[in-house]
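Down below is the structure, laid out as structure tokens.
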Number of protein chains: 2
Amino acid sequence: MSERVLVSQLKALDDGPVSVSGWVETVRDQKKVQFVILRDETGAVQLVNPATRPAEDGSEQDAAALALTDLISNLAHGTFLTVTGTLKHDERVKLGGVEIKIGALEVAAASLPETPIATDSSLDKRMDWRFIDLRTRRNNLIFRIQTTLEHAMRNYWVERDYIEIHTPKLMSSPSESRAELFQLEYFGDQTAYLAQSPQHFKQMAQAAGFGKVFEIADAFRADPSFTSRHATEFTSIDAEISWIDSHEDVARMQEELLATAFQAVKDKHGAEIEELFGLEVTVPALPFPRIPLAEAREIVKARGYEIPRTDGDLDPEGERQIFAHVKETYDHDFVFVTDYHPEIRPFYHMRNPETGMTNSYDLIYRGTEITTGAQREHRVEVLEAQAVEKGLDPEGLEHYLDFFRYGVPPHGGFGMGLARLLMLLLGESSIREVTYLFRGPTRLAP
Amino acid sequence: MSERVLVSQLKALDDGPVSVSGWVETVRDQKKVQFVILRDETGAVQLVNPATRPAEDGSEQDAAALALTDLISNLAHGTFLTVTGTLKHDERVKLGGVEIKIGALEVAAASLPETPIATDSSLDKRMDWRFIDLRTRRNNLIFRIQTTLEHAMRNYWVERDYIEIHTPKLMSSPSESRAELFQLEYFGDQTAYLAQSPQHFKQMAQAAGFGKVFEIADAFRADPSFTSRHATEFTSIDAEISWIDSHEDVARMQEELLATAFQAVKDKHGAEIEELFGLEVTVPALPFPRIPLAEAREIVKARGYEIPRTDGDLDPEGERQIFAHVKETYDHDFVFVTDYHPEIRPFYHMRNPETGMTNSYDLIYRGTEITTGAQREHRVEVLEAQAVEKGLDPEGLEHYLDFFRYGVPPHGGFGMGLARLLMLLLGESSIREVTYLFRGPTRLAP
């Protein structure tokens, strides 16, 4: 590659010749001097050019200087270019304390003059032009944070000998129910379904004796809702482990994982997050608080909120209330709500014979549910009975039940939406803001 | 969790009480003594029990001892259990030099007595019962290697400030052609297509100023072929970088990435790979050889093979021949074949104005193509002309072309199939062997 210098490296360089590449953020075209703010993936720098204008008296001017001035005057926002010039440190320059006097300017790709979105455009409009929307420093940072967050999680798992699996997204039968399922024609007469979660297959890894597995991958839900927390396609963070005693072992792994990942984000991006999002990254203390669901409902009620839903679960306002309680009582952002009744849990959750409750939890972060975790039922006769009790047709579950017929150790795991986690970490109002390209019922492009 | 000890940790422990969990690999039920080989995710250990049989003279025996003997006699392969007992180091025990005298044995989940597959079952039959097939040490190792390989790649990228992206797999329009495309009904009257590659979206990241990105994720091809190298769903390793001078910058990154990842695999699994696959991991020397396609064809011809296809490309036998040449001449397993004619490349490959060839390469590893890499055309008017020249309808490309209308820097990248890479690294005959759950035209389950 050419001797391109990243903007973040400029400050450490001595004054002298330099070459930078990026895109035009703004042009300030004054009569005597022109300023261009050039941004690359690491920062922004001010470029300067003493303007050479056609002389009013018609006297001859340097043709190259005229052309350069003219070129700069006509630069559109978003034009990608390379500038070679002279770096100069100057404390008066607010932007990084350096500027580059333009020697030569080479346009790599010109942008159309009118940018179709502005900072105050609606979210929907910004999504139409997501590739331009992502050019802001704030949006760029979101995906750097995502990278750090995920990598820290994978490090946590790999250091502990987890196996990374890639489960298929094309399935011959729906894993749980037929609701919210995308289906497609598969080579003529077959029907394939898009996986709603890797649940089925990460349990298979336990039958295969893999012990501990993880996957960060796509999941699909044909969910017609338009809330700020739902998408038809999302990145799911999943893990599953063998030889657990209960869901507590899963919860302990997940809280450690989150604390480790948040610490990595804080270390690498803490200052920038404070600058651009106006908030401090809080690394959660271990262990996270745990509250049984029945107790959580009592607490919410005592706070003056009557949960309207009758199935015994929390509703979104209930989740916010229990978070408020946890924040006030423990100064904590997370809470595991435990002891869910089997009626509001899938058939494969293991049940505690003493309490009749499932060995499962929801993890609530800043008032929004981000995870369901559970110990799975691994005894095939119990599993089959629970499926029938839920009105499921065991025939559609044959491939799943087969795993258990040949032995599966006690196991459990969790699934967590990456975008929800990021949204709450950064105090954003919608997962659309932290998803590279959001997919919803009316959003399939770009 | 209980004080479970992993089999791999036993050797370092002193003789004494211990608890292990795993599944039954074999039972040797002799008259006076019973042996169970128990396997967990880290290894196998011999369990021993002095058999207590009903006395022939009818005299009374210890009931618990009789029951334990009987339980062991009836253990089926694949039954998951926990044994607490007494660890004893004994050099005469071939399997790790230790054995455990069984104190108590608790069955977590019994397996049906007849295992549906054996080591000599057909590949197709083994795939039907993949979760049992994966219990072998060799298959388990494959996915540990996969984990190490991927993690080393991600480390390489993260250390160099790449951004990890998750591109959508649901698209409103086919990115290249309508061939080999899965489509589905999307909320009534819309049609969605499953992404054949993240090409479209990782280029968008360049328009967004992300600079350098990577993704390891699912891709889908409705490809009816049944070869050992094709799947309808596969894990694609993708990277894309900005401000390159040509495809050479991409090739240099890819060869460094592969050498780094292979080194990690060799360091962590080299000895086990030698034991179980009978081969040594070769870390490829840098740089990889490069041969222009026209020259490669000459070499193949000189070796006595006439390539039947007339479009100028290599065929599979041609790829094997050029590998044989490279192996003999450079003792190298990889070769970049370069300078492909635009006729056999997609419309978006940049062309070299001097040679008329595309700025692209195929990477051939041990005689099989694993990658196409290229510099992309980023000048919208050239791109549009090349699309029209290929007979593509620009209307279907509007979202794609929009990226370029607002400026995209020079960029390029590659896509590489994870399973092909693993197959060739381990000398396997089919990607089915190294895919967690293979998907093909007649294979959607389990």
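What you see is a predicted model; the values in this text were computed from it and never measured. Hydrogens, waters and symmetry mates play no part in the numbers below; they use all other heavy atoms, side chains included. Letters A, B, ... are given to chains in the order of the sequence lines, protein chains preceding strands, and every chain is numbered from 1.
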Contact check, side chains of Gln183(A) and Glu185(B), non-hydrogen atoms, under 4.5 Å | no
- Any Ser242(A) side-chain heavy atom under 4.5 Å of Phe80(B) side chain: no
Tell me, for [X] versus chain B, whether the close heavy atoms (under 4.5 Å) come from the side chain, the backbone, both or neither.
| X | answer |
| --- | --- |
| Asp161(A) | both |
| Leu418(A) | side chain |
| Asp128(A) | neither |
| Leu170(A) | both |
| Ala76(A) | neither |
| Thr148(A) | neither |
| Asp189(A) | neither |
| Pro224(A) | both |

Which atoms of [X] come close to chain A, meaning under 4.5 Å heavy atom to heavy atom: side chain ones, backbone ones, both, or neither?
| X | answer |
| --- | --- |
| Arg443(B) | backbone |
| Ile163(B) | both |
| Glu398(B) | neither |
| Trp157(B) | neither |
| Phe438(B) | neither |
| Ser8(B) | neither |
| Thr167(B) | both |

Against chain B, work out which of [options] has the most heavy-atom pairs shorter than 4.5 Å and name it.
| options | result |
| --- | --- |
| Val24(A), Asp133(A), Asn155(A) | Asn155(A) |
| His378(A), Gln206(A), Glu150(A) | Glu150(A) |
| Ala109(A), Ala222(A), Gly209(A), Pro409(A) | Pro409(A) |
| His166(A), His399(A), Glu41(A), Glu248(A) | His166(A) |
| Ile132(A), Asp402(A), Ile216(A) | Asp402(A) |
| Gly78(A), Ala108(A), Pro441(A), Ser246(A) | Pro441(A) |

Quick check for you: among [options], which has the greatest number of heavy-atom pairs under 4.5 Å with chain A?
| options | result |
| --- | --- |
| Asn140(B), Asp40(B), Val158(B), Thr115(B) | Val158(B) |
| Gly440(B), Pro113(B), Ala217(B) | Gly440(B) |
| Pro446(B), Ala207(B), Gly211(B) | Ala207(B) |
| Thr435(B), Asp218(B), Val107(B), Thr79(B) | Asp218(B) |
| Val380(B), Thr136(B), Thr235(B) | Thr235(B) |

Review point. Hey, is CD on Gln9(B) packed in by over 12 heavy atoms from elsewhere, all under 6.0 Å?
Key: yes
(message) Please check if the number of heavy atoms outside Glu114(A) that lie under 6.0 Å from its CD is greater than 12.
(response) no
Distance col, row Trp243(A):CH2 vs Ser21(B):OG, nearest 0.5 angstrom, shows 4.5 Å
In this structure, CD1 of Ile244(A) is separated from CZ of Arg4(B) (nearest 0.5 Å) by 12.0 Å
Side-chain donor or acceptor of [X] paired with backbone N/O of [Y] under 3.5 Å:
| X | Y | result |
| --- | --- | --- |
| Gln146(B) | Ile165(A) | no |
| Gln190(A) | Thr442(B) | no |
| Arg405(B) | Leu112(A) | no |
| Arg379(B) | Ala110(A) | no |

For Leu184(B) and Leu194(A), the nearest pair of non-hydrogen atoms, with its separation, is CD1-CD1, 4.3 Å
For Pro168(B) and Arg439(A) the tightest heavy-atom approach is CG-NH2, 3.4 Å
* Are Glu164(B) and Arg144(A) within salt-bridge range, i.e. N to O under 4.0 Å? -> no
Test ring pair (Phe, Tyr, Trp, His ring centres under 6.0 Å), reference Phe131(B), set Tyr400(A), Phe403(A), Phe404(A), Phe210(A), output is Phe403(A)
query: Given the rule in the side-chain contact (heavy atoms from CB on, under 4.5 Å) test, do Phe182(A) and Phe187(B) qualify, once you have shown the distances and angles that lead to the verdict?
result: CA-CA 9 Å; Phe182(A) 289 116; Phe187(B) 294 99; 4.0 Å; yes
(Q) Would His151(A) and Glu159(B) count as a side-chain contact (heavy atoms from CB on, under 4.5 Å) here? Give the steps. (A) CA-CA 11 Å; His151(A) 199 62; Glu159(B) 282 165 12; over 6 Å; no
Original post:
Would Lys169(A) and Lys169(B) count as a side-chain contact (heavy atoms from CB on, under 4.5 Å) if you check the C-alpha gap in whole Å, the side-chain angles of each, and the deciding distance to 0.1 Å?
Top reply: CA-CA 10 Å; Lys169(A) 307 310 164 204; Lys169(B) 308 309 163 204; over 6 Å; no
key: Verdict with reasoning, Val213(A) to Phe143(B), per side-chain contact (heavy atoms from CB on, under 4.5 Å)   = CA-CA 10 Å; Val213(A) 299; Phe143(B) 294 93; over 6 Å; no
For this session: Would you please indicate if the ring centroids of Phe201(B) and Tyr436(A) are separated by under 6.0 Å?
Result: no
message = Can a side-chain donor-acceptor contact be found between Thr232(A) and Tyr186(B) if the only test is distance below 3.5 angstrom?
response = yes
